[in-house]
Number of protein chains: 2
Amino acid sequence: MQQILVIEDQDLMRLALIQELKNCLAESVLLGAPTLDIAKTLMRSQDFNLVLIDPGLPGVNPISQFDRLSVIEQVVDASPSATHLVITGSDSVAEANHCRRFGVAGYVGKTGLMRGLLAEVLQDISQSGFSVRISPTDQFAADFHYSGLTGREQEILDCMRRRERGMKRKEVYEQIGERIGVDPATVEKYYKQARAKLLRRGRLPDGI
Amino acid sequence: MQQILVIEDQDLMRLALIQELKNCLAESVLLGAPTLDIAKTLMRSQDFNLVLIDPGLPGVNPISQFDRLSVIEQVVDASPSATHLVITGSDSVAEANHCRRFGVAGYVGKTGLMRGLLAEVLQDISQSGFSVRISPTDQFAADFHYSGLTGREQEILDCMRRRERGMKRKEVYEQIGERIGVDPATVEKYYKQARAKLLRRGRLPDGI
DNA sequence: TCAAATAGGGACGGCGGCCCCCCTTTCCCA
DNA sequence: TGGGAAAGGGGGGCCGCCGTCCCTATTTGA
């Protein structure tokens with residue numbers, strides 16, 4: 001059973017990270033710490049397999065590179081047997097390199113950290129031992145959500161909107177189907193259902 | 001049907017905010033914009049009822065109070081008919097007051113912005129017209145998540161762990177039951193089920 | 001022009017979450 | 001010492017999501 005610690009002060013982000021980890025790991029216990037002090041207390045009382053660190057905690061000078069690295073170093077030292085991932089809102093290649101020297105296994109910018117990316121990073125780490133995802137400078141498009149869609153419908157709609165132009169829908173169905181382990185015809189069904197719901201409400205986003 | 005825009009660069013946070021809004025609003029279409037430019041394009045093409053703004057976007061100097069306020073002002077000007085909510089990682093009372101002068105209806109710090117708080121803020125706004133939630137300086141305890149629990153079980157477990165000490169479990173059952181509109185006996189059932197699952201895995205967090 | 005792709009439906013079973021009702025045993029304290 | 005609180009478990013109904021299979025028009029492209 002995996003023991004995981006997420007150190008992040010923003011409640012919704014902490015919850016989102018925990019949710020992401022739940023999705024890509026099997027049986028696991030996940031603890032969330034909003035401050036460094038609480039995290040240290042937890043690390044003293046038990047060992048963790050994986051520790052996520054956001055060095056931008058309250059009480060840390062956000063401009064001081066030294067303070068940020070100090071937080072990371074303290075956490076790594078307090079849980080030497082764990083795999084460490086730094087998740088930060090203000091990421092830089094230089095800081096990523098510093099972290100690597102501390103023994104951190106992954107460095108991820110929050111901008112561009114979309115659903116499923118954490119799983120990729122963990123995959124990378126288990127294979128090559130290290131993974132860095134710096135925030136992209138260019139941002140893509142808006143995302144579209146409608147409260148009347150089910151999870152699957154929303155997911156497939158997102159994939160369809162993000163498809164490369166010129167790509168046939170049928171190809172997308174097959175691609176998605178393979179990825180999520182579902183019959184392409186079923187994917188097609190969901191897509192049509194989602195589309196129909198949006199049409200009935202009179203709103204179709206671009207790319208559909 | 002509500003038209004909502006969420007301007008936030010961090011993908012997971014944007015998704016979490018959208019999820020929160022979905023939970024506390026009925027029929028709604030929610031658009032997510034990772035940059036100010038994309039947001040402006042969207043606001044030009046349609047009207048929104050509600051706009052959430054994170055002024056800490058990439059390209060904005062995080063130290064410059066002027067830049068942050070400029071972002072907010074631009075968004076408010078571009079969607080004059082909407083209700084505006086500022087959601088920020090680095091909040092201050094001074095900035096909240098500035099925002100209020102711009103016509104912003106709510107100002108919320110990301111730290112302490114837990115599940116359901118956005119609903120409270122919207123409630124406040126619909127009643128008194130303005131709501132501010134500055135990040136608390138003191139942080140409470142760690143949160144505990146186990147992948148084997150269902151949503152309800154996790155939710156009720158959280159409430160139980162956060163109860164004031166000395167409070168009887170039975171009282172908590174009644175309190176939760178009333179809040180979520182469920183029979184207290186059912187709440188008790190869920191709590192016991194959650195507890196049993198944790199015991200079988202050998203892990204009981206503090207406060208249980 | 002003919003086939004493939006696309007749009008738009010209907011029906012069905014399985015599964016799991018959610019909610020309610022019922023039962024017993026143990027423990028603590030007023 | 002009796003009663004309430006707590007622990008622990010079983011069953012059943014309801015509903016929504018998921019996945020599958022099947023059907024028919026219309027459009028598009030080679």
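Reminder, nothing fancy here: chain letters follow the sequence lines and each chain counts from 1. Everything quoted here is computed from the prediction, not taken from an experiment.
Here C:dC18 presents its C1' atom at 12 Å from CD of B:Glu155, a figure rounded to the nearest Å. Spacing between atom NZ of B:Lys189 and atom P of D:dG11 amounts to 10 Å, rounded to whole angstrom units. In this structure, the OH atom of B:Tyr191 is 12 Å from the C1' atom of D:dG8, given to the nearest Å. Between the P atom of D:dA6 and the CD atom of B:Gln193 lies a distance of 18 Å, rounded to the nearest Å. In this structure, B:Arg152 places its CZ atom 14 Å from C1' of D:dC15, rounding to the nearest Å. A straight line from CZ of A:Arg195 to P of D:dT27 spans 13 Å, rounded to a whole angstrom. Rounding to whole angstrom units, CG of residue A:Leu149 and C1' of D:dC18 are separated by 15 Å. In this structure, CG of A:Leu157 is placed 12 Å from P of C:dA7, rounded to the nearest angstrom.
When the nucleotides C:dC20, D:dG9, D:dG8 are ranked by their closest atom to the side chain of B:Ala196, D:dG9 comes out on top. The side chain of B:Thr150 sits closest to C:dC18 out of D:dG9, C:dC18, C:dC20. For A:Leu199, counting side-chain heavy atoms from C-beta on, the closest listed nucleotide (C:dA7, D:dC21, C:dG8) is C:dG8. Checking C:dA7, C:dC20, C:dG9 against the side-chain heavy atoms of B:Val182 singles out C:dC20 as nearest.
Residue contacts for B:Ile180: at a heavy-atom cut-off of 4.0 Å it reaches no nucleic acid atom on any strand shown.
With salt bridges taken as basic N to acidic carboxylate O contacts below 4.0 Å, one links B:Arg133 and B:Glu120. By the 4.0 Å N-to-carboxylate-O rule, B:Lys192 lies close enough to B:Glu188 to be salt-bridged with it.
A donor-acceptor pair shorter than 3.5 Å cannot be found between the side chains of B:Asp47 and B:Ser81. One side chain, B:Ser79 or B:His84, offers a donor N or O that lies under 3.5 Å from an acceptor on the other.
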Grab the N/O contacts between the protein and nucleotides 2-6 of chain C below 3.5 Å, and write none if there aren't any.
unit_1, atom_1, unit_2, atom_2, d
C:dA5, OP2, A:Lys170, NZ, 3.3
C:dT6, OP1, A:Arg169, N, 2.9
C:dT6, OP2, A:Lys170, N, 3.0

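With sequence neighbours excluded, the residues forming a side chain to side chain contact (heavy atoms under 4.5 Å, CB included) with A:Glu155 are A:Arg152, A:Arg179, A:Ile180, listed by chain and number.
Judged purely by atom type and a 3.5 angstrom limit, A:Arg163 uses its side chain to pair as donor or acceptor with the backbone of A:Met160.
Using a 4.0 Å cut-off, some side-chain N or O of A:Tyr190 falls inside it from OP1 or OP2 of D:dG19.
In this structure, A:Arg100 forms a cation-pi arrangement with A:Phe130, its terminal cationic atom sitting closer than 6.0 Å to the ring centre and no more than 45° off the ring axis.
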